[in-house]
Visitor: 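Here's a structure for you.
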Amino acid sequence: MENFTERHSIVRKIWGRADTVLFIFAGAAAEFALNKAVDWLYFTGKLPADPLGRLFGTVGYARQIIFSEKEKAYAAIDKMSKIHSAVESSRGMAIPDWAYRDVLFMLIHYSVAAFEMLERKLTSSEKEEIVEVFCTVGQRMKIPGLPVGYNEWKAMHGRHLENDLRKSQYTTDLYKQYRRSLGNLRYLVLIEVQKRLVPPGVKRLLQLNGIPLLSPALFLYKICRTLKMEWLLKSLLLPPAYIKQIRGLDYKGNDAF
């Protein structure tokens with residue numbers, strides 16, 4: 001059976017490590033809070049009630065798609081589309097096309113940014129592959145106006161950052177929920193990660209001011225990871241209730257890398 005992504009795909013490498021996936025969603029948490037369509041996430045009540053649970057649900061879908069055979073991946077995408085359609089029916093209005101594109105653009109941007117922060121610079125061909133994979137998901141969802149190639153995505157992403165983000169009461173409330181779910185220390189770590197990952201416009205809207213303090217901790221973490229001791233730090237920085245789920249984010253398949 002044909003896989004949705006190639007066995008040695010850079011997307012598999014990015015999404016096959018728990019720490020990279022967590023950084024992706026740390027950054028995405030910032031843009032979700034600013035997106036003009038965030039009211040859709042409040043309509044169901046799932047995100048504000050349990051932001052970490054929503055994280056793992058979203059991660060589960062993304063990983064099911066990336067690491068599955070093509071037909072199973074398409075089935076997962078179709079299931080996701082049906083869930084969105086049901087929400088639209090309940091609300092009596094359609095989720096705007098630009099909101100769907102925004103989510104794909106977030107996944108592309110933070111896949112690149114998180115991997116480059118933790119690992120190395122990506123090549124041009126690897127960036128092209130990341131855009132292609134996520135736009136394939138978008139095509140299956142019948143999202144119009146998707147970019148062709150990394151350069152077109154970069155231009156469209158820039159326009160998205162200018163047009164589709166604003167600080168609102170939802171932004172303030174979501175950050176309160178992040179703090180409630182994570183606790184003060186872990187919340188501060190989230191903010192520091194976001195300072196390093198988010199684009200300048202997002203940083204300005206969220207007032208993520210001050211000098212990022214993550215660099216020394218990141219250096220220590222990379223040493224621990226080299227020594228296979230990174231879970232000592234993770235156990236201190238991650239909510240105990242979610243440790244088992246976070247461990248499950250490390251892909252065990254031989255073809256992840």
Visitor: Nearest 0.5 Å please: distance from the CZ atom of F115 over to the NZ atom of K127.
Guide: 11.5 Å
Visitor: About how many Å separate CG of N163 and CE of M156, when rounded to the nearest 0.5 Å?
Guide: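 These two atoms lie 11.0 Å from each other.
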Visitor: Look up atom CG in L174 and atom CG in L34, then write down how far apart they are to the nearest 0.5 Å.
Guide: 9.5 Å
Visitor: Restricting to non-hydrogen atoms, name the atom on A30 and the atom on V202 that form the minimum distance, rounded to 0.1 Å.
Guide: CB-CG1, 4.1 Å
Visitor: Is the NZ or CZ atom of R91 both under 6.0 Å from the centre of the six-membered ring of W40 and within 45° of that ring's axis?
Guide: yes
Visitor: Hey, could you give me the CE/NE2 distance between M141 and H84, rounded to the nearest 0.5 Å?
Guide: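 Output value for this atom pair is 5.5 Å.
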Visitor: Which atoms form the tightest heavy-atom contact between Q194 and A26, and what is the distance?
Guide: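 Smallest heavy-atom distance, with atoms named: NE2-O, 2.9 Å.
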Visitor: Is any side-chain heavy atom of I191 less than 4.5 Å from a side-chain heavy atom of Y175?
Guide: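 When only atoms from C-beta onward are counted, Y175 and I191 do touch, with a gap below 4.5 Å.
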Visitor: Give me the atom names and distance for the closest heavy-atom approach of P144 to R101.
Guide: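 Smallest interatomic distance, heavy atoms only, reads O-NH1, 2.7 Å.
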Visitor: Quickly, which of L197, I14, T20 forms a side chain to side chain contact (heavy atoms under 4.5 Å, CB included) with Y110? Name it, please.
Guide: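 The option that passes is L197.
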Visitor: Run the numbers on D50 and R180 for salt bridge (Lys or Arg N to Asp or Glu O under 4.0 Å), then give the verdict.
Guide: CA-CA 10 Å; D50 184 12; R180 175 185 60 80; over 6 Å; no
Visitor: For the pair F23 and V193, evaluate side chain to side chain contact (heavy atoms under 4.5 Å, CB included) and give the outcome as yes or no after the intermediate values.
Guide: CA-CA 7 Å; F23 274 51; V193 171; 3.9 Å; yes
Visitor: Once you measure the plane-to-plane angle for Y150 and W153, does it fall in the parallel (<30°), tilted (30-60°) or perpendicular (>60°) bin?
Guide: tilted
Visitor: Just so I know, are the side chains of T123 and I10 near enough to count as touching, which here means a heavy-atom distance under 4.5 Å?
Guide: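 In short, these two side chains do not touch, never coming nearer than 4.5 Å.
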Visitor: For I24 and A114, which heavy atoms make the closest approach, and how far apart are they?
Guide: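 Heavy atoms only, the tightest pair is CG1-CB, 3.8 Å.
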Visitor: Should the heavy atoms of other residues, nucleotides or ligands under 6.0 Å from CD of E132 be counted, would the total exceed 12?
Guide: no
Visitor: If you measure from the Lys or Arg side-chain nitrogens to the Asp or Glu carboxylate oxygens, is any gap between E126 and R120 under 4.0 Å?
Guide: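 The answer is yes: the pair qualifies as a salt bridge.
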Visitor: After noting the C-alpha distance and the side-chain angles of L165 and H160, does the key distance pass the side chain to side chain contact (heavy atoms under 4.5 Å, CB included) rule?
Guide: CA-CA 8 Å; L165 304 181; H160 140 72; 3.8 Å; yes
Visitor: Stepwise, does the side chain to side chain contact (heavy atoms under 4.5 Å, CB included) test hold for I65 with Y74?
Guide: CA-CA 7 Å; I65 293 165; Y74 285 158; over 6 Å; no
Visitor: May I ask you to check whether W15 and S111 show a side-chain donor-acceptor distance below 3.5 Å?
Guide: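 The answer is yes; a qualifying pair exists.
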Visitor: Could you check if a side-chain atom of W98 sits within less than 4.5 angstrom of a side-chain atom of N35, using non-hydrogen atoms only?
Guide: yes
Visitor: Salt bridge between E162 and R159, side-chain N to carboxylate O under 4.0 Å?
Guide: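 Between R159 and E162 there is no salt bridge, as every charged N stays at least 4.0 Å from the carboxylate O atoms.
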Visitor: Decide yes or no for I130 and V112: does some side-chain heavy atom of the first lie under 4.5 Å from some side-chain heavy atom of the second?
Guide: yes
Visitor: Taking the side chain from T171 and the backbone from S168, do they hold a donor-acceptor pair closer than 3.5 Å?
Guide: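 Such a contact is found between T171 side chain and S168 backbone.
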Visitor: Taking the six-membered ring for Trp and the full ring for Phe, Tyr or His, determine whether the centres of Y170 and Y42 are under 6.0 Å apart.
Guide: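 Between Y170 and Y42, the centre distance is under 6.0 Å.
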Visitor: Measure the CD-OG distance between E88 and S90 for me, rounded to the nearest 0.5 Å.
Guide: 10.0 Å
Visitor: Would you compute the distance between atom CG of L118 and atom CZ of R17 and round it to the nearest 0.5 angstrom?
Guide: 8.5 Å
Visitor: Report, as yes or no, whether the 6.0 Å neighbourhood of atom NZ on K36 holds more than 12 heavy atoms from other residues, nucleotides or ligands.
Guide: yes
Visitor: Before giving the answer on side chain to side chain contact (heavy atoms under 4.5 Å, CB included), spell out for K70 and N3 the whole-Å C-alpha distance, their side-chain angles and the decisive distance to 0.1 Å.
Guide: CA-CA 5 Å; K70 184 171 287 187; N3 293 323; over 6 Å; no
